[in-house]
Amino acid sequence: MACPDAPVIDATASSDDFSAPLLAWYDRHHRHLPWRTPPAETKHGVLPDPYRVWLSEVMLQQTTVGAVQRYYLDFLDAWPTVDALAAAETEDVMRAWAGLGYYSRARNLKKCAEAVANDHAGRFPDTEAGLKALPGIGDYTAAAIAAIAFNRPAAVVDGNVERVVTRRAAMETPLPQAKPMIREIVANAVPDHRPGDFAQAMMDLGATICTPRRPACVLCPIGTDCAGRVLGEAERFPLKAAKIEKPTRQGAAFVAVRADGAVLLRKRPPRGLLGGMSEVPTSGWNARSDGVADASAAPFAAEWRSCGTIRHVFTHFTLELAVFRAGPVSRAGADGWWSGPADLPHEALPSVMKKAIEAAIPGATSKS
DNA sequence: AATCCGTGGGT
DNA sequence: TACCCAAGGAT
């Protein structure tokens with residue numbers, strides 16, 4: 001590209017080239033994360049294990065770094081390789097994922113591991129297209145794995161990158177309409193050298209400096225090469241489409257307790273809301289309609305006593321769940337299984353279900 | 001293309 | 001309290 005005699009900064013260094021100051025900043029201020037290979041090593045050609053990159057990236061989809069760390073280490077401990085994960089019981093994977101949310105990720109994680117183990121000899125594809133063909137890997141994750149694990153110049157665009165780019169360009173086009181423009185800008189900015197570090201530098205910048213509220217522009221390595229900062233209104237970007245109001249739904253949950261303290265559980269349908277996860281019996285609420293909110297919807301006749309109401313906020317609706325408890329009951333689980341006090345904390349119970357059980361039996365779902 | 005899919009922390 | 005939103009993907 002550039003001829004050897006050219007000055008370090010010349011006319012070919014367009015205003016789209018902000019990778020150099022960004023990478024210099026990343027060398028000094030990068031975050032230390034368990035799945036990350038630090039720049040001191042990547043500079044010497046050391047690349048992270050694609051399995052670990054993939055595992056972390058899937059967990060990080062719409063999920064904060066703080067929430068992911070413990071799950072990541074637990075998964076790595078239980079299943080150190082993609083072959084180990086492929087050989088695991090799906091139910092064990094769902095249990096390990098419980099509480100992290102977006103449970104289709106866990107189902108696809110298992111499917112993806114099986115595909116890599118069985119169809120790719122246990123090695124992840126090293127191209128964006130190959131990666132994107134796998135379950136649970138979309139545009140972002142394919143680009144991230146390609147860049148970070150295989151050093152390919154992929155345009156990695158996540159929420160952080162969208163914020164950094166729209167602010168730097170003072171982009172008046174709202175999301176998601178602006179996505180193609182953002183992708184193009186990033187594609188033109190990816191350096192031939194260190195594309196993986198560039199991707200992670202953009203995300204670190206968005207997470208620590210170019211934050212959603214009160215960005216620390218005075219500390220930003222991009223400096224005044226940012227229209228949002230120069231205009232004094234970086235925080236106004238990115239513009240977003242108006243959000244829709246989320247409805248509140250009503251329902252009931254039933255905690256049946258046996259004499260030995262076991263609780264009746266059942267399995268939710270494999271797809272949809274909390275798909276494939278476990279639950280206590282509930283009335284038929286969902287995102288679009290209320291369920292019966294009193295004891296008339298109980299799974300069997302018993303002395304159901306009210307334990308109050310819990311509130312849980314999903315992505316697209318709020319649920320108010322009236323919780324009832326009965327016990328000791330002696331009834332063969334028609335449709336589920338009895339989970340004893342030692343097992344209950346390890347069941348594949350989503351947070352809303354733990355919350356309901358806690359309302360009926362305080363402490364019942366807490367581990368050790 | 002718009003909708004569906006969790007959860008917890010920050011402000 | 002209420003709202004924001006986080007390393008998005010599937011349909």
Side-chain angles (χ1 to χ4, degrees), chain A residues 30-31 33-36 52-72 94 97-109 111-112 131-149 154-164 175-177 179-180 183 186 196 198-208 210-214 235 238 240-248 268-277 279 286-288 310-319 348-355:
Chain A
H30 65 88
R31 289 178 291 175
L33 301 170
W35 47 83
R36 175 174 285 178
R52 300 186 181 203
V53 176
W54 163 73
L55 179 61
S56 67
E57 290 299 344
V58 173
M59 287 185 167
L60 286 161
Q61 288 165 4
Q62 293 290 286
T63 309
T64 57
V65 164
V68 163
Q69 306 221 28
R70 183 177 61 260
Y71 285 88
Y72 172 79
M94 301 309 286
W97 196 277
L100 200 53
Y102 285 136
Y103 298 101
S104 66
R105 291 186 298 172
R107 290 177 259 133
N108 285 330
L109 190 82
K111 289 181 194 167
C112 183
L131 289 160
K132 202 180 161 184
L134 294 166
I137 298 182
D139 287 334
Y140 162 76
T141 305
I145 298 172
I148 297 169
V156 178
V157 181
D158 75 327
N160 289 303
V161 177
E162 288 174 349
R163 192 165 55 252
V164 170
L175 289 171
Q177 188 186 337
K179 282 176 181 280
R183 180 169 300 278
V186 174
F198 174 76
Q200 295 179 93
M202 289 287 279
M203 294 190 278
D204 277 19
L205 187 71
T208 64
C210 196
T211 49
R213 285 173 300 276
R214 301 178 60 83
E235 193 169 352
K240 295 190 176 180
K243 352 186 136 27
I244 58 173
E245 189 177 343
K246 64 174 63 174
T248 297
R268 291 181 62 83
R271 288 203 282 245
L273 183 71
L274 308 177
M277 301 297 284
E279 66 171 3
N286 60 41
R288 293 187 303 282
I310 63 158
R311 164 181 290 254
H312 190 79
V313 181
F314 292 96
T315 307
H316 49 302
F317 72 104
T318 297
L319 178 64
L349 291 166
S351 291
V352 61
M353 293 302 160
K354 288 191 174 182
K355 211 183 283 185

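Residue numbers begin at 1 in each chain, while the letters A, B, ... track the order of the sequences.
For A:Gln62, there are no side chain to side chain donor-acceptor pair (under 3.5 Å) partners two or more places apart in sequence or in a different chain. Annotation: ring-ring contact (aromatic ring centres under 6.0 Å, His included) contacts of A:His30 (sequence neighbours excluded): A:Tyr26, A:His32. The side chain to side chain donor-acceptor pair (under 3.5 Å) test applied to A:Asp139 returns A:Lys132, not counting sequence neighbours. Partners of A:Thr211 by side chain to side chain contact (heavy atoms under 4.5 Å, CB included), not counting sequence neighbours, listed by chain and number: A:Pro215. Scanning for side chain to side chain contact (heavy atoms under 4.5 Å, CB included) contacts around A:Arg107 gives A:Met94, A:Ser104, A:Arg271, with sequence neighbours left out. A:Phe314 meets the ring-ring contact (aromatic ring centres under 6.0 Å, His included) test with A:His312, A:Phe317; sequence neighbours excluded.
The residue among A:Arg271 and A:Asp204 whose nearest nucleotide of DNA chain C is located toward the 5' end is A:Asp204. Each of A:Pro176 and A:Tyr102 was assigned the nucleotide of DNA chain B with the nearest heavy atom; the assignment lying further toward the 5' end belongs to A:Pro176. Comparing A:Arg311 and A:Arg163 by the nucleotide of DNA chain C whose heavy atom lies nearest to each, the residue mapping closer to the 5' end is A:Arg311.
Residue A:Ala287 is in sugar-phosphate contact alone, with no base atom involved, counting any heavy-atom pair closer than 4.0 Å across all strands shown. Residue-level contact check: A:Lys354 touches neither bases nor backbone, having no heavy atom under 4.0 Å from any strand. Backbone-only contact: A:Pro350 has heavy atoms under 4.0 Å from sugar-phosphate atoms and none from a base. At a threshold of 4.0 angstrom between heavy atoms, the contacts of A:Gly272 are confined to the sugar-phosphate backbone, with no base atom among them. When heavy atoms are screened at a 4.0 angstrom cut-off, A:Leu109 is found touching no nucleic acid atom at all. Contact annotation for A:Trp35: base contact, defined as any heavy-atom pair under 4.0 Å involving a base atom. Counting any heavy atom pair closer than 4.0 Å across all strands shown, A:Thr141 reaches sugar-phosphate atoms only and no base atom. Contacts of A:Leu100 with the nucleic acid, taken as non-hydrogen atoms under 4.0 Å apart, include base atoms.
When DNA chain C is scanned 5' to 3' for any atom under 4.0 Å from a heavy atom of chain A, the first and last hits are C:dC4 to C:dA10.
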Could you list the protein-to-nucleotides 8-11 of chain B atom pairs, N/O on both sides, closer than 3.5 Å?
residue : atom : partner  : partner atom : Å
B:dG8   : OP1  : A:Ser351 : OG           : 3.1

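Comparing C:dT11 with B:dG6, their P atoms sit 14 Å apart, to the nearest whole Å. Nucleotides C:dA7 and B:dT3 are separated by 24 Å at their P atoms, to the nearest Å.
Donor-acceptor pairing under 3.5 Å is recorded for the side chains of A:Tyr140 and A:Glu57. In summary, the side chains of A:Gln61 and A:Arg105 do not present any donor paired with an acceptor at a separation below 3.5 Å, with no hydrogens or angles considered.
Residue A:His316 places no side-chain N or O under 4.0 Å from the OP1 or OP2 atom of B:dC4.
Following rounding to the nearest Å, A:Leu175 (CG) and B:dA2 (P) show an atom-to-atom distance of 14 Å. Rounded to a whole Å, the CE atom of A:Met94 is 12 Å from the C1' atom of B:dG6. Atom NZ of A:Lys246 and atom P of B:dT7 are 12 Å apart (whole Å).
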Only distances under 3.5 Å count here; give the side-chain donor-acceptor pairs of residues 154-162 of chain A to other protein atoms, sequence neighbours excluded, each with its distance to 0.1 Å.
residue  : atom : partner  : partner atom : Å
A:Asp158 : OD1  : A:Asn160 : N            : 3.2
A:Asp158 : OD1  : A:Val161 : N            : 2.9
A:Asp158 : OD2  : A:Asn160 : ND2          : 3.0
A:Asn160 : OD1  : A:Arg163 : NH2          : 2.8
A:Glu162 : OE2  : A:Lys179 : NZ           : 2.7

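Between the side chain of A:Tyr102 and the backbone N or O of A:Met59 there is no donor-acceptor pair closer than 3.5 Å.
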